[in-house]
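Since this is a predicted model, take the numbers as computed values, not measurements.
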Amino acid sequence: MDVVAVAPPPLDPYVPAGTAWAIAGALAERGDEVRVLYPQGGPGAPPPVGVTPTPVSLTLRRPGAAVEPAEFAALAGRRVRPDVTWVVRDPSGLGPLGLSGGRRRDAFLVSFVRDFGLLAYDRERSGQPPVGFAGRLDAWRDRRAVRRLERAALAEPAALFSDDPEVAKAVSGEYGIDPRLLRPTLPPVPHLPSAPPKPEARGALGIPTDVPVVAALTSSDDTGAAEADQAREAFRRIRALFPGVRLVVVGAPAPTEAGVVDAPSRDAATLSLALASADVALVTPARPGFSPAAVLAMVAGLPTIVGTAVRLPTPPGESVRAAESDDPGDLASALAELLADPAAAREQGGRGTEYARSFLPERVVEQIESAKHAGPL
């Protein structure tokens, strides 16, 4: 199996480019020989066990140009092994890999449509209108090239998957793709490294073993500080009710404050340790969207409180506790109810673990296998 990714294995498991590496790890776990082709340059985390990272050196003819991803696609396609059986491209991106001829023509190519490239191009340049006739001409040429290369990338695979119905609808309408070809899927959330038992995890964070612990998982460097402040305010409101309670803030620096434990890194090991130490998880991103953090907390078996910005692609029902609002008072009420009723918290944690199974990378691999056996639509 060869996987084509757009970045090295990410340090931050929330980064969208990590889905390709999560799929590669699931393929390797079932015994396949897996390589991941990605652009050379930049630091990265260790690859999943059993996966061979293969950086592709890329000399750009037009650095920073909108069509830059297509240059990498062509080079990566030439590096695909002649005896490979599957090629997974995530995301589908711009430009074909060029696998239709030669000894690689029998490879089963599947691509994941994570975004609508033409719309993303328009969105990025909406605030930078071209200047003068030459600028407008260059912008028109670039947009035409993006459209042509995205169409070519989407026409090449034997199967396409999309985890966003709106993206699938937009892509189908723009390029005339049979909607049935865009098979629905869920975003794979990577496995975290194994964590020590709860007493050892708490010891590593300097937390007593006999107190309740809340893990607040921030979503990005841009909004992490604001999310941490919101979690700390909710935490302050429950401290008097639960003697010794601790709040572990993950992914953003937290000012020194009684009961607050600072775990500012957002790497997989830190997340794993924080979740292993906790009794309840709090996920309140500042921006609407899918939240890998909520899924990771549920996979860890924690009852999980989510803010109003969390978007999960399938209805979670009672698998999560949805706060009535993002007001710290409402978040504090939800925290207090779960910490005060361990039996109810365990029940919700069990439901969450079952719900989160749908996001495991292994499920995506099963879908690819089914698509291969089903053949083209």
Side-chain angles (χ1 to χ4, degrees), residues 7 10-18 42-45 123-124 127 189-190 192 201-202 204-207 212-240 242 245-298 300 302 304-312 320-336 338-339:
L11 297 167
D12 183 343
Y14 299 170
V15 173
R123 187 169 54 237
E124 289 170 3
V189 176
L192 294 178
R202 291 189 172 189
L205 293 170
I207 299 174
V213 176
V214 177
L217 310 180
T218 64
S219 60
S220 75
D221 291 334
D222 293 338
T223 62
E227 294 170 25
D229 289 344
Q230 185 181 51
R232 285 166 49 233
E233 179 57 36
F235 173 71
R236 292 187 192 110
R237 302 187 185 199
I238 66 166
R239 282 196 64 215
F242 302 95
V245 65
R246 298 291 196 275
L247 174 71
V248 182
V249 177
V250 186
T256 302
E257 181 177 345
V260 176
V261 179
D262 188 14
S265 297
R266 199 179 293 106
D267 60 277
T270 300
L271 281 164
S272 181
L273 191 68
L275 292 172
S277 74
D279 300 300
V280 176
L282 181 62
V283 182
T284 56
R287 296 172 183 160
F290 174 66
S291 174
V295 174
L296 289 171
M298 286 187 276
L302 293 180
T304 303
I305 299 168
V306 297
T308 59
V310 171
R311 304 286 185 265
L312 294 169
V320 298
R321 173 69 180 269
E324 294 184 8
S325 77
D326 290 327
D327 181 83
D330 286 335
L331 296 175
S333 295
L335 280 172
L338 286 174
L339 292 174

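In this structure, Thr304 contributes its side chain and Leu302 its backbone to a donor-acceptor pair below 3.5 Å. A side-chain donor-acceptor contact under 3.5 Å links Ser325 to the backbone of Asp327. Without hydrogens or angle criteria, Asp326 side chain to Thr308 main chain gives a donor-acceptor distance under 3.5 Å. Arg202 contributes no side-chain N or O that, together with a main-chain N or O of Ile207, makes up a donor-acceptor pair within less than 3.5 Å. Side-chain atoms of Asp279 come within 3.5 Å of backbone N or O of Val213 as a donor-acceptor pair.
Atom CG of Leu335 sits about 9.0 Å away from atom CZ of Arg321, to the nearest 0.5 Å. To the nearest 0.5 Å, atoms CG (Leu192) and CG (Leu275) are separated by 6.5 Å. With rounding to the nearest 0.5 angstrom, the CG atom of Leu217 is 11.5 Å from the OG1 atom of Thr270. The distance from atom CG of Asp222 to atom CD of Glu227, rounded to the nearest 0.5 Å, is 10.0 Å.
More than 12 heavy atoms of other residues, nucleotides or ligands lie within 6.0 Å of CD in Glu233, so this atom counts as buried by the packing criterion.
Between Leu338 and Ile305 there is a side-chain heavy-atom pair separated by less than 4.5 Å.
The shortest non-hydrogen separation linking Tyr14 to Ser219 is CD1-O, 3.4 Å. Pairing each heavy atom of Pro190 with each of Pro13, the nearest pair is CG-O, 3.9 Å. Between Ser277 and Leu205, the closest heavy-atom pair is OG-CD1, 3.6 Å. Heavy atoms only, all atoms of each residue included: Leu339 and Pro212 are closest at CD2-CB, 3.9 Å. The minimum heavy-atom distance between Arg237 and Ala332, with the atom names listed, is CB-CB, 3.8 Å. Shortest non-hydrogen contact noted between Ala263 and Val248 is CB-CG1, 4.2 Å.
When the options Val250, Val15, Leu11, Thr218 are evaluated for a side-chain contact (heavy atoms from CB on, under 4.5 Å) with Arg266, the one that passes is Thr218.
Side-chain polar atoms of Ser333 and Asp330 form no donor-acceptor pair below 3.5 angstrom.
For Phe290, the ring pair (Phe, Tyr, Trp, His ring centres under 6.0 Å) test picks out Phe359, with sequence neighbours left out.
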As a quick check of understanding, evaluate side chain to side chain contact (heavy atoms under 4.5 Å, CB included) for Phe235 and Leu331, giving each step before the final call. CA-CA 9 Å; Phe235 173 71; Leu331 296 175; over 6 Å; no
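Counting only residues at least two apart or on different chains, the side chain to side chain donor-acceptor pair (under 3.5 Å) pairs with a member in residues 283-295 are Gln230-Thr284.
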